[in-house]
S.K.: 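Structure incoming, see below.
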Amino acid sequence: MTRYTTYGDITQVQTTGASQATANQDNLNYSGVAASQRLVKTDLERLNQYKSLIEDVADAKKIDVALIGAIMSRESRAGNCLDNGWGDHGNAYGLMQVDKRHHSIKGSWNSKEHVMQATQILIDMINAIGLKFPSWTSEKQLKGGISAYNMGPGNVPSYAEVDSHTTGKDYSNDVVARAQWLIDQGF
């Protein structure tokens, strides 16, 4: 499997992992990288069902397989917390939770078309952060883009506060930690 670093090397991104609010999803009494790893481990069997689809999209978009899997884990627990494909009180759709208030939904909730759309949105957010913070390293832009995927580039005020406006105030840190763990699992 090709490891893409087109948008930065996910293995080199610093992370503090999940907040306690995020860890509480699985009733964990700890937070941080260990909590992110435990959360994604819970989702691994479901993620493996989509692995070939994720690999196809990653190859087409030249982005890391583990990052797509990590976002699926964070957004929908690899589909486990969706109601007929919907989450976020009926506002977001699919494995990667594309928000209908900001995008025209494409494909069924677990389709390649959906994952392609969501991954392109992620790439657009990484590029937007690159324009907003051109002096940041590609790894910092990658982390900022992951944050922007959750809350938009306007809500990324600085690298020190990259997650200050994200869900759980840990979105990019949690996703990065999940992705780094997934790499060790063959993603």
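Atom set for the values below is all heavy atoms of this structure, side chains included, hydrogens, waters and symmetry mates excluded.
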S.K.: Check for a donor-acceptor pair, side chain of E55 on one end and backbone N or O of V65 on the other, with a separation under 3.5 Å.
M.R.: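 Checking the backbone N and O of V65 against the side chain of E55, no donor-acceptor pair under 3.5 Å is found.
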
S.K.: Could you tell me how the ring of Y93 sits relative to the ring of H114: parallel (under 30°), tilted (30 to 60°) or perpendicular (over 60°)?
M.R.: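 Rings of Y93 and H114: perpendicular, as their planes differ by over 60°.
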
S.K.: Could you give me the CA-CA distance, side-chain angles and deciding distance for Q97 and I71, then say whether side chain to side chain contact (heavy atoms under 4.5 Å, CB included) is met?
M.R.: CA-CA 9 Å; Q97 292 290 276; I71 290 176; over 6 Å; no

S.K.: Give, for atom CG of N155 and atom OG of S164, the distance between the pair rounded to the nearest 0.5 Å.
M.R.: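 Going from the CG atom of N155 to the OG atom of S164 covers 8.0 Å.
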
S.K.: Taking the side chain from S158 and the backbone from E161, do they hold a donor-acceptor pair closer than 3.5 Å?
M.R.: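 Flag set: sc S158 to bb E161 pair under 3.5 Å.
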
S.K.: Taking the side chain from E139 and the backbone from Q14, do they hold a donor-acceptor pair closer than 3.5 Å?
M.R.: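 Answer holds: no.
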
S.K.: Would you say the side chains of T166 and N150 form a donor-acceptor pair under 3.5 Å?
M.R.: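 No, no side-chain donor-acceptor pair sits under 3.5 Å.
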
S.K.: Rounded to the nearest 0.5 Å, how far does CD1 of I68 lie from CG of L122?
M.R.: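 The distance works out to 8.0 Å.
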
S.K.: Rounded to the nearest 0.5 Å, what separates atom CD in E113 from atom CG in L53?
M.R.: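 So the CD of E113 and the CG of L53 are separated by 11.5 Å.
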
S.K.: Is there a side-chain contact between Q25 and R77 in this structure, where contact means two heavy atoms from C-beta onward sitting under 4.5 Å apart?
M.R.: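 Side-chain contact under 4.5 Å: yes.
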
S.K.: Does the side chain of R3 reach to within under 4.5 Å of the side chain of D9, using non-hydrogen atoms?
M.R.: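 A side-chain contact under 4.5 Å is absent here.
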
S.K.: Here's a test for you: under side-chain hydrogen bond (donor to acceptor under 3.5 Å, both in side chains), which of D174, N173, D170 qualifies with T22?
M.R.: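 Running side-chain hydrogen bond (donor to acceptor under 3.5 Å, both in side chains) over D174, N173, D170 with T22 returns exactly one hit, D170.
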
S.K.: State, to 0.1 Å, how close A66 and I183 come at their nearest heavy-atom pair, and which atoms those are.
M.R.: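 Heavy-atom minimum between the residues: CB-CG1, 3.5 Å.
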
S.K.: What do you reckon, is CG of N84 surrounded by more than 12 foreign heavy atoms closer than 6.0 Å?
M.R.: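 Atom CG in N84 is not packed in, count stays at 12 or less.
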
S.K.: Working to the nearest 0.5 angstrom, can you tell me the gap between T167 OG1 and M151 CE?
M.R.: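 Those atoms lie 5.5 Å apart.
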
S.K.: Are M116 and I146 grouped together when hydrophobic residues (ILVMFWY) are joined by side-chain heavy atoms under 4.5 angstrom apart?
M.R.: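 Same hydrophobic cluster.
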
S.K.: Have Y171 and E75 got a donor and an acceptor in their side chains that come within less than 3.5 Å?
M.R.: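 Yes, a side-chain donor-acceptor pair sits under 3.5 Å.
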
S.K.: Are L82 and L39 in one and the same hydrophobic cluster, where Ile, Leu, Val, Met, Phe, Trp and Tyr link if side-chain heavy atoms are under 4.5 Å apart?
M.R.: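 No; tracing contacts between hydrophobic side chains, which count when under 4.5 Å, never links both residues.
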
S.K.: Give the intermediate values and the outcome of side chain to side chain contact (heavy atoms under 4.5 Å, CB included) for residues F133 and K140.
M.R.: CA-CA 9 Å; F133 299 107; K140 287 183 178 183; over 6 Å; no

S.K.: I need the minimum non-hydrogen distance between L142 and Y7, along with the two atoms involved.
M.R.: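 L142 and Y7 have their closest heavy atoms at CB-O, 3.2 Å.
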
S.K.: Looking only at atom types and distance, does a side-chain atom of S73 sit under 3.5 Å from a main-chain N or O of G69, one as donor and one as acceptor?
M.R.: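 No: the side chain of S73 does not pair with the backbone of G69.
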
S.K.: Compute whether any side-chain donor of one residue and acceptor of the other, for Y149 and D124, lie under 3.5 angstrom apart.
M.R.: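 Absent: no donor and acceptor within the cut-off.
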
S.K.: Going through the checks in order, is the side chain to side chain contact (heavy atoms under 4.5 Å, CB included) test met by D43 and N48?
M.R.: CA-CA 9 Å; D43 301 333; N48 278 324; over 6 Å; no

S.K.: Where do V33 and T15 come nearest, in terms of heavy atoms and distance?
M.R.: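 Where V33 meets T15 most closely, the heavy atoms are CG2-O, 3.9 Å.
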
S.K.: Is it the case that the side chain of S111 and the backbone of G107 share a donor-acceptor pair, with hydrogens and angles ignored and the cut-off at 3.5 Å?
M.R.: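 Not at all, since once roles are kept as given, no pair shorter than 3.5 Å links the two residues.
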
S.K.: If you define the side chain from C-beta out and look only at heavy atoms, does anything of V57 sit under 4.5 Å from I63?
M.R.: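 Sidechains of I63 and V57: no contact.
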
S.K.: Counting only N and O atoms by type, is there a donor-acceptor contact under 3.5 Å from the side chain of Q141 to the main-chain atoms of I129?
M.R.: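 No, because the side chain of Q141 does not come within donor-acceptor range (under 3.5 Å) of the backbone of I129.
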
S.K.: Please report the shortest heavy-atom distance between W86 and N91, naming the atom on each side.
M.R.: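 Closest approach of W86 to N91: CZ3-C, 4.2 Å.
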
S.K.: Measuring from L67:CG to K61:NZ, what's the distance to the nearest 0.5 Å?
M.R.: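 It comes to 14.0 Å.
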
S.K.: Can you find a pair of side-chain heavy atoms, one from K62 and one from I123, that are under 4.5 Å apart?
M.R.: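 Answer no - side chains too far apart.
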
S.K.: So, taking the atom named CD in Q120 and the one named CE in M125, what distance separates them when rounded to the nearest 0.5 Å?
M.R.: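 Going from CD on Q120 over to CE on M125, the span is 10.0 Å.
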
S.K.: Locate the shortest heavy-atom distance separating P157 from H165; write the atom from each residue and the value.
M.R.: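 Closest heavy-atom pair between P157 and H165: CD-CD2, 4.0 Å.
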
S.K.: Given the rule in the side chain to side chain contact (heavy atoms under 4.5 Å, CB included) test, do I126 and K143 qualify, once you have shown the distances and angles that lead to the verdict?
M.R.: CA-CA 8 Å; I126 296 166; K143 189 174 183 180; over 6 Å; no

S.K.: Answer yes or no: are there more than 12 heavy-atom neighbours, outside K51 itself, under 6.0 Å from its atom NZ?
M.R.: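 For K51, atom NZ is crowded (more than 12 foreign heavy atoms under 6.0 Å).
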
S.K.: Got a donor-acceptor contact below 3.5 angstrom from the S31 side chain to the S19 backbone?
M.R.: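 No; zero donor-acceptor contacts below 3.5 Å.
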
S.K.: Under the 3.5 angstrom rule, does the side chain of D26 hit a backbone N or O of L28 as a donor-acceptor pair?
M.R.: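 Flag not set: sc D26 to bb L28 has no pair under 3.5 Å.
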
S.K.: When clusters are formed by joining ILVMFWY residues with side-chain heavy atoms under 4.5 Å apart, either directly or through shared neighbours, do V176 and Y4 land in the same one?
M.R.: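 No, V176 and Y4 fall in different hydrophobic clusters.
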
S.K.: Hey, are S36 and R178 close enough side-chain-wise for a donor-acceptor pair under 3.5 Å?
M.R.: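 Looking only at side-chain atoms, S36 and R178 do not form any donor-acceptor pair under 3.5 Å.
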
S.K.: Looking at every heavy atom in both S147 and V156, which two are closest together, and how far apart are they?
M.R.: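 Result for this residue pair: OG-CG2, 3.7 Å.
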
